[in-house]
Chemist: 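This is the structure I want to talk about, given as structure tokens.
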Amino acid sequence: MERKTKTIAIANQKGGVGKTTTVVNLAAALSARKRAVLVVDLDPQAHATLGLGLEKEAGVSIYRVLTGEKSVDDVILPTKWANLNVIPSEVDLAGAELEFSARPDRLEMIRTALAPVKESGAFDYILLDCPPSLGIVMTSSLVAADGVLIPIQAEFLAMDGLALINASIERIRSGANPSLELNGIVFTMVNSVARLTQDVVGEVRSHFGEAVYETTIPRNIRVSEAPSMGMPVVFLDPRSKGAEAYKAFAWEFMAKNPTRFAAAAVASPPPPPPPQETGNAPTV
Ligand code: ADP
Ligand code: MG
């Protein structure tokens with residue numbers, strides 16, 4: 001099957017906004033819909049790696065491809081779930097900002113590293129989990145991406161944070177990656193009863209219109225518990241509110257980002273959830 005791969009960077013210079021949680025669960029939900037997914041963990045904290053059930057392992061990460069020690073095929077690992085693969089992170093990636101700051105190809109380095117994977121057509125989606133800073137790794141990720149997905153929390157000064165990342169996107173568009181799209185903005189950890197939340201969501205929607213995903217992700221305890229089990233909540237507890245939201249979000253994402261392989265399948269709306277049978281393990 002010939003595929004056109006979409007590379008999406010999940011980015012926000014702020015930490016703790018739900019980037020990694022969104023990468024892990026979007027990837028899980030897409031893979032459950034038979035889309036071939038590659039997660040690239042670009043944060044030295046390696047939370048996406050751990051959240052997908054893999055261990056950090058020295059020598060196996062995108063860092064080794066950037067240094068030329070490994071070919072990209074050597075660092076793509078399968079997870080225990082079908083269609084879901086990871087390029088892990090490792091602690092040495094923390095030195096990348098400094099180490100690569102003088103590299104003439106620093107803006108293109110991630111695009112170059114991933115080019116063979118993209119060209120192979122082996123994946124529908126490559127999801128880049130960016131570190132929480134506007135440094136070289138994030139910038140280089142945005143240069144490598146077709147689109148950028150911004151998870152944000154509905155809180156005071158949310159618009160200021162969006163303005164910052166938008167400025168980075170504009171800078172990259174006017175230079176190394178003119179076709180970079182704003183894939184969208186997704187609200188995470190939403191407390192639907194809080195007045196401030198509603199105000200912020202409304203304000204962002206009025207500024208960014210259709211770029212804001214309809215689906216919002218609620219704050220949900222099961223979402224925060226899942227990483228310690230090394231499982232996406234979408235697989236750990238598929239009927240939890242958080243998992244249901246990420247599955248709905250994945251449908252919206254697929255409709256917005258059809259790949260050649262995915263386009264036909266996404267044309268129909270999602271099927272209603274099957275009736276829950278008590279006593280059986282829930283399925284995705
Ligand atoms: P980032 O990658 O932007 O730093 P994370 O995805 O690691 O953010 O999320 C930060 C923290 O918030 C983590 O402890 C995570 O488990 C928790 N979290 C993320 N999304 C939710 C949610 N919807 N409900 C509850 N906790 C969440
Ligand atoms: Mg993270």
Side-chain angles (χ1 to χ4, degrees), residues 8 10-12 14-43 45-56 77-86 88-89 124-125 127-130 132 149-154 184-193 197 213-254 257 270-284:
I8 305 289
I10 291 76
N12 187 327
K14 204 170 161 189
V17 297
K19 289 182 292 294
T20 299
T21 306
T22 298
V23 168
V24 164
N25 286 290
L26 174 61
L30 292 170
S31 71
R33 295 292 166 205
K34 300 198 163 44
R35 307 301 183 265
V37 184
L38 175 65
V39 169
V40 186
D41 189 348
L42 291 157
D43 188 335
Q45 296 182 91
H47 289 170
T49 304
L50 301 170
L52 289 164
L54 277 88
E55 301 288 330
K56 289 187 265 194
L77 302 185
T79 64
K80 43 174 128 40
W81 302 282
N83 311 315
L84 183 46
N85 304 273
V86 189
S89 181
D124 293 296
Y125 300 106
L127 304 181
L128 309 178
D129 187 21
C130 292
L149 171 65
I150 308 174
I152 60 163
Q153 277 182 275
I185 296 166
V186 58
F187 281 100
T188 59
M189 291 178 252
V190 168
N191 174 354
S192 52
V193 295
T197 301
Y213 277 88
E214 281 298 319
T215 311
T216 61
I217 312 299
R219 186 176 282 283
N220 177 245
I221 185 83
R222 299 297 282 156
V223 175
S224 56
E225 288 168 351
S228 67
M229 320 265 207
M231 276 180 88
V233 75
V234 159
F235 293 143
L236 179 69
D237 190 355
R239 296 280 164 247
S240 63
K241 282 205 160 64
E244 293 287 11
Y246 270 116
K247 286 187 279 178
F249 172 62
W251 276 108
E252 220 188 320
F253 178 89
M254 281 191 283
N257 302 286
Q276 185 129 30
E277 291 170 36
T278 48
N280 285 351
T283 50
V284 175

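What you are looking at is a predicted structure, and each value in this text was computed from that prediction instead of being measured.
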Chemist: Quick test of your reading of the model: are Arg222 and Glu225 salt-bridged, counting only N-O distances below 4.0 Å?
Modeler: yes
Chemist: Measure across Thr49 and Ser89 and return the closest heavy-atom pair with its distance rounded to 0.1 Å.
Modeler: OG1-N, 3.1 Å
Chemist: Please report the interatomic distance CD(Gln153) to OG1(Thr197), rounded to the nearest 0.5 Å.
Modeler: 9.5 Å
Chemist: Nearest 0.5 Å, what's the CD1-NZ distance between Ile152 and Lys14?
Modeler: 9.5 Å
Chemist: Report the residues that fulfil side-chain hydrogen bond (donor to acceptor under 3.5 Å, both in side chains) with Ser31, sequence neighbours left out, ordered by chain and then residue number.
Modeler: none
Chemist: Any non-hydrogen side-chain atom of Pro132 less than 4.5 Å from a side-chain atom of Lys19?
Modeler: yes
Chemist: On a heavy-atom basis, which atom in Asn83 and which in Lys34 lie closest, and how many Å separate them?
Modeler: ND2-CA, 3.6 Å
Chemist: State, yes or no, whether a side-chain contact exists between Ser240 and Val223 at a heavy-atom distance under 4.5 Å.
Modeler: no
Chemist: Could you tell me how the ring of Phe253 sits relative to the ring of Phe249: parallel (under 30°), tilted (30 to 60°) or perpendicular (over 60°)?
Modeler: tilted
Chemist: For Ala11 and Pro151, which heavy atoms make the closest approach, and how far apart are they?
Modeler: O-CD, 3.7 Å
Chemist: Any side-chain heavy atom of Pro232 within less than 4.5 Å of one from Leu52?
Modeler: yes
Chemist: Please step through side-chain hydrogen bond (donor to acceptor under 3.5 Å, both in side chains) for the pair Tyr246 and Thr22, ending with a clear verdict.
Modeler: CA-CA 8 Å; Tyr246 270 116; Thr22 298; 2.9 Å; yes
Chemist: For side-chain hydrogen bond (donor to acceptor under 3.5 Å, both in side chains), just list the numbers for Asp129 and Thr20, CA-CA rounded to whole Å, side-chain angles, deciding distance to a tenth of an Å, and then say yes or no.
Modeler: CA-CA 6 Å; Asp129 187 21; Thr20 299; 2.8 Å; yes
Chemist: Nearest 0.5 Å, what's the CG-CG distance between Leu127 and Asp41?
Modeler: 12.0 Å
Chemist: Using 0.5 Å steps for rounding, measure from the CD atom of Gln45 to the NZ atom of Lys56.
Modeler: 8.5 Å
Chemist: So do Leu30 and Asp124 actually touch side chain to side chain, heavy atoms under 4.5 Å?
Modeler: no
Chemist: Please give me the minimum heavy-atom distance between Val39 and Ala27, naming the atom from each residue.
Modeler: CG2-CB, 3.5 Å
Chemist: Can you name the one residue among Glu244, Glu252, Lys247 that meets side chain to side chain donor-acceptor pair (under 3.5 Å) with Thr215?
Modeler: Glu252
Chemist: Would you check if the side chain of Tyr125 reaches a backbone N or O of Asn257 as a donor-acceptor pair within less than 3.5 Å?
Modeler: yes
Chemist: Roughly how far, to the nearest 0.5 Å, is CE of Met231 from OG1 of Thr79?
Modeler: 10.5 Å
Chemist: I need the Thr21 OG1 to Ile10 CD1 distance, nearest 0.5 Å.
Modeler: 12.0 Å
Chemist: Without swapping roles, check the side chain of Asn25 against the backbone of Val234 for a donor-acceptor pair under 3.5 Å.
Modeler: yes
